[in-house]
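Notes for the one structure printed next.
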Amino acid sequence: MTRTVLALLATLLGLAWGWDVLQAAASPAHPLWLARQEALYLSGLLSIGLMSLAMYLATRPLWLETPLGGMDRVYRTHKWAGILGGSFAILHWLVEMSDDILKSTIGRAGRVPKDSATGLLDSLQDLAEDFGEWGFYILLALLALTLWKRFPYRPWRFLHRAMPVIYLVLAFHSALLAPRDYWTQPVGCLLAGLLATGIYGALRSLLGNIGKARRVRGEILAVTRPASDVVSVSCRLPASWPGHHAGQFALVTFSAAEGAHPFTIASANRDDRSIEFRIKALGDHTRKLPTLLSPGQSVDIEGPYGRFDLRRINRQAQQLWVAGGIGVTPFLAWLNALHSKADDAPSAELHYCTRNCVNDPFVPELTSLCAGLPTIRLHIHGAQQGDTLDASTLLRNVAPENASEIWFCGPSGLAEVLRQGIKTLGQSRLRFHQEAFEMR
């Protein structure tokens with residue numbers, strides 16, 4: 001869906017730009033100078049259009065969860081819209097710099113005449129040009145840090161806060177330097193709508209009210225360590241918490257300096273405003289949580305979000321549930337929720353993949369939960385015991401002629417192995433649902 005959204009926006013911008021080109025009067029300028037000008041306009045449109053989409057998606061619009069498949073997909077679309085917008089900004093800059101090459105090869109005589117402007121407008125255009133250049137350099141630096149995964153998360157998050165300001169600078173650049181005839185064409189209407197949407201997102205970000213309506217302040221009830229690299233945090237939330245569906249996640253802020261992190265809610269909704277998180281030590285922040293957290297501390301929780309929801313399973317399809325490592329948390333919520341209505345539990349094969357099934361704390365918990373749900377068949381795969389899950393093992397009891405669906409939560413590498421194996425086996429009637437939340 002991410003690719004579809006980005007391709008659709010790029011296509012709309014391309015068609016609007018193409019319509020303007022077709023409506024333009026014949027120009028005596030040299031074809032190469034004309035090509036440079038239109039490449040400049042198109043790359044600029046694609047850049048600001050995609051960045052506008054990224055800024056809007058940063059507001060976490062709840063209404064897009066259903067069409068995009070969850071807030072994790074909304075966030076992924078935000079991420080790639082920003083990366084592609086920055087990439088087109090680089091292309092825009094390279095096209096701008098190409099004028100020296102054209103001057104040295106075909107000369108200045110065939111240059112495209114600039115739109116004439118006087119007075120205040122001329123001054124604003126000069127300012128917009130300078131702003132755009134400096135905004136581009138800062139954007140390029142942030143794009144490089146975003147793609148460089150080894151750069152620490154906390155300083156990246158701090159620098160990322162500058163994005164709304166950079167966007168507003170580039171929006172000013174785009175609005176002032178867009179051809180004046182754009183504003184009487186469909187391309188101008190599309191550009192104006194995108195700029196308005198992006199500015200809305202940028203201002204909300206600067207004002208700090210993104211997600212405010214879905215944010216509550218709770219209290220930590222208990223902090224335990226079921227394993228050396230896993231911490232369990234139980235919280236009590238106020239009456240304003242709307243409750244959650246099994247499998248959803250929340251954005252949790254234990255420290256204002258660290259900011260919010262997405263964690264799956266590992267408990268079912270018990271209507272007592274209590275929730276539990278199981279958090280694996282995957283970075284500096286999560287490794288320090290056992291020593292930083294204690295009962296009685298306050299915690300900010302925003303949500304719930306996500307469409308990895310037990311209610312969305314297709315009961316007419318064969319159910320294959322795959323959990324890898326800490327990706328077991330949504331399935332713990334599912335199993336706990338099903339215990340309150342065991343007669344309504346679907347028939348499913350639950351595969352849990354772990355490094356060592358002998359000392360894994362989730363194995364006895366899963367075994368106990370599945371013992372009370374006879375329609376859920378549990379399979380444990382321990383890598384150190386020589387049992388790794390592959391597509392043929394996963395689909396062993398699946399009839400090819402029947403519709404099936406996989407619900408997967410775990411490492412992306414395992415997901416890719418299973419997807420490739422399923423493709424090789426030719427299982428075209430199988431749907432693959434995967435939680436895809438990454439902070440950068």
Side-chain angles (χ1 to χ4, degrees), residues 70 72 220-237 243-250 252 261-282 286 289 301 303-313 319-342 344-357 359-382 389 406-411 414-415 433-435 437:
D72 57 320
I220 296 176
L221 297 178
V223 181
T224 59
R225 297 185 71 174
S228 60
D229 60 348
V230 177
V231 60
S232 174
V233 184
S234 299
C235 307
R236 174 67 53 79
L237 304 182
H244 70 280
H245 300 293
Q248 290 188 297
F249 69 87
V252 183
H261 285 258
F263 297 122
T264 299
I265 302 171
S267 56
N269 187 19
R270 294 185 287 265
D271 295 324
D272 60 356
R273 305 197 309 276
S274 66
I275 61 175
E276 181 185 3
F277 300 99
R278 306 285 183 89
I279 303 168
K280 188 176 179 64
L282 297 174
T286 49
L289 287 180
I301 296 178
Y305 295 114
R307 302 283 288 168
F308 201 90
D309 187 341
L310 179 61
R311 301 172 307 160
R312 295 183 63 230
I313 68 170
Q319 291 295 310
L320 303 171
W321 301 348
V322 181
I326 199 63
V328 73
T329 47
F331 296 106
L332 292 176
W334 284 19
L335 296 173
N336 276 294
L338 288 172
H339 263 268
S340 63
K341 45 182 178 180
D344 195 36
S347 176
E349 307 279 342
L350 172 57
H351 295 263
Y352 175 53
C353 305
T354 177
R355 233 185 250 116
N356 186 347
C357 61
N359 59 9
D360 189 298
F362 295 115
V363 170
E365 185 174 2
L366 287 170
T367 303
S368 174
L369 287 169
C370 290
L373 298 168
T375 61
I376 310 295
R377 292 166 294 281
L378 176 64
H379 309 273
I380 305 295
H381 305 274
L389 180 65
I406 295 175
W407 289 83
F408 177 94
C409 188
L414 175 59
H433 304 268
Q434 180 184 1
E435 192 84 273
F437 209 114

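Counting begins at 1 with the first residue of the sequence.
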Fill in: Within-4.5 Å side-chain heavy-atom neighbours: Gln319 and Ile313
yes
Worksheet entry | Arg307/Asp309 ion pair, N-O < 4.0 Å | no
Item to complete: With rounding to the nearest 0.5 Å, note down the distance linking SG in Cys357 to CG in Leu366.
Response: 12.0 Å
Worksheet, complete the sentence: What one should report as the nearest heavy-atom pair of Gly247 and Glu435 is O-OE2, 4.1 Å
Worksheet item: Atom CD1 of Ile279 and atom OG1 of Thr329: how far apart are they, to the nearest 0.5 Å?
Response: 10.0 Å
Worksheet item: Is it true that the side chains of Ser232 and Glu276 contain a donor and an acceptor less than 3.5 Å apart?
Response: yes
Practice prompt. Show the numbers, then the answer: is there a side-chain contact (heavy atoms from CB on, under 4.5 Å) between Leu369 and His339?
Written response: CA-CA 8 Å; Leu369 287 169; His339 263 268; 3.8 Å; yes
Worksheet item: In terms of side-chain geometry, is the basic nitrogen of Arg278 or Glu365 positioned less than 4.0 Å from the acidic oxygen of its partner?
Response: yes
Fill in: Heavy-atom check, side chain of Phe408 versus side chain of Leu414, under 4.5 Å
yes
Fill in: Atom pair CG (Leu221) and SG (Cys235), whose distance is rounded to the nearest 0.5 Å
7.0 Å
Item to complete: Using modelled atom types only, decide if a donor and an acceptor are shared between the side chain of Ser368 and the backbone of Pro364 within a distance under 3.5 Å.
Response: no
Worksheet item: Hey, are the side chains of Leu350 and Leu320 touching, using non-hydrogen atoms and a 4.5 Å cut-off?
Response: no
Discussion item. Looking at Arg377, I want to see if its CZ is surrounded by more than 12 non-hydrogen atoms of other residues, nucleotides or ligands under 6.0 Å.
Written reply: yes
Item to complete: May I have the step-by-step check of ring-ring contact (aromatic ring centres under 6.0 Å, His included) for Phe331 and Phe308, ending in yes or no?
Response: CA-CA 10 Å; Phe331 296 106; Phe308 201 90; 5.6 Å; yes
Worksheet, complete the sentence: Closest non-hydrogen contact found for Gly327 with Ala323 is O-CB, 3.9 Å
Discussion item. Taking side chain to side chain donor-acceptor pair (under 3.5 Å) as the definition, give me every residue that meets it alongside Asn336, ordered by chain and number, with sequence neighbours left out.
Written reply: none
Worksheet item: Do Asp72 and Tyr305 have side-chain atoms, one donor and one acceptor, less than 3.5 Å apart?
Response: no
Practice prompt. Determine the minimum heavy-atom distance between Val363 and Ile380, stating which atoms define it.
Written response: CG2-CG2, 4.1 Å
Fill in: OG on Ser267 to NE2 on His244, rounded to 0.5 Å
4.5 Å
Let me check something: any side-chain donor-acceptor pairs from residues 223-231 under 3.5 Å, sequence neighbours excluded? List them with distances.
| residue | atom | partner | partner atom | Å |
| --- | --- | --- | --- | --- |
| Arg225 | NH2 | Ser228 | O | 2.6 |
| Asp229 | OD2 | Lys280 | NZ | 2.5 |

Discussion item. Working note: Leu389 + His351, criterion side-chain contact (heavy atoms from CB on, under 4.5 Å); need CA distance, chi angles, decisive distance, verdict.
Written reply: CA-CA 8 Å; Leu389 180 65; His351 295 263; 3.8 Å; yes
Practice prompt. Would you check, one step at a time, whether the test side-chain contact (heavy atoms from CB on, under 4.5 Å) holds for Arg312 with Trp407?
Written response: CA-CA 10 Å; Arg312 295 183 63 230; Trp407 289 83; 3.8 Å; yes
Fill in: Separation between SG of Cys370 and NE2 of His379, rounded to the nearest 0.5 Å
9.5 Å
Worksheet item: Relative to the ring of Phe362, is the ring of Tyr352 parallel (under 30°), tilted (30 to 60°) or perpendicular (over 60°)?
Response: perpendicular
Discussion item. With a 4.5 Å cut-off on side-chain heavy atoms, are Trp334 and Ile376 touching?
Written reply: no
Worksheet item: So do Trp321 and Pro346 actually touch side chain to side chain, heavy atoms under 4.5 Å?
Response: yes
Discussion item. Does any part of the side chain of Leu310, heavy atoms only, come nearer than 4.5 Å to the side chain of Leu338, both counted from C-beta?
Written reply: yes
Worksheet item: Is Leu289 close to Phe277 at the side-chain level, that is, under 4.5 Å between some pair of heavy atoms?
Response: no
Worksheet entry | Sub-4.5 Å side-chain heavy-atom contact between Ile275 and Ile301 | yes
Practice prompt. Write down the atom of Ala333, the atom of Ala268, and the distance for their closest heavy-atom approach.
Written response: O-CB, 3.9 Å
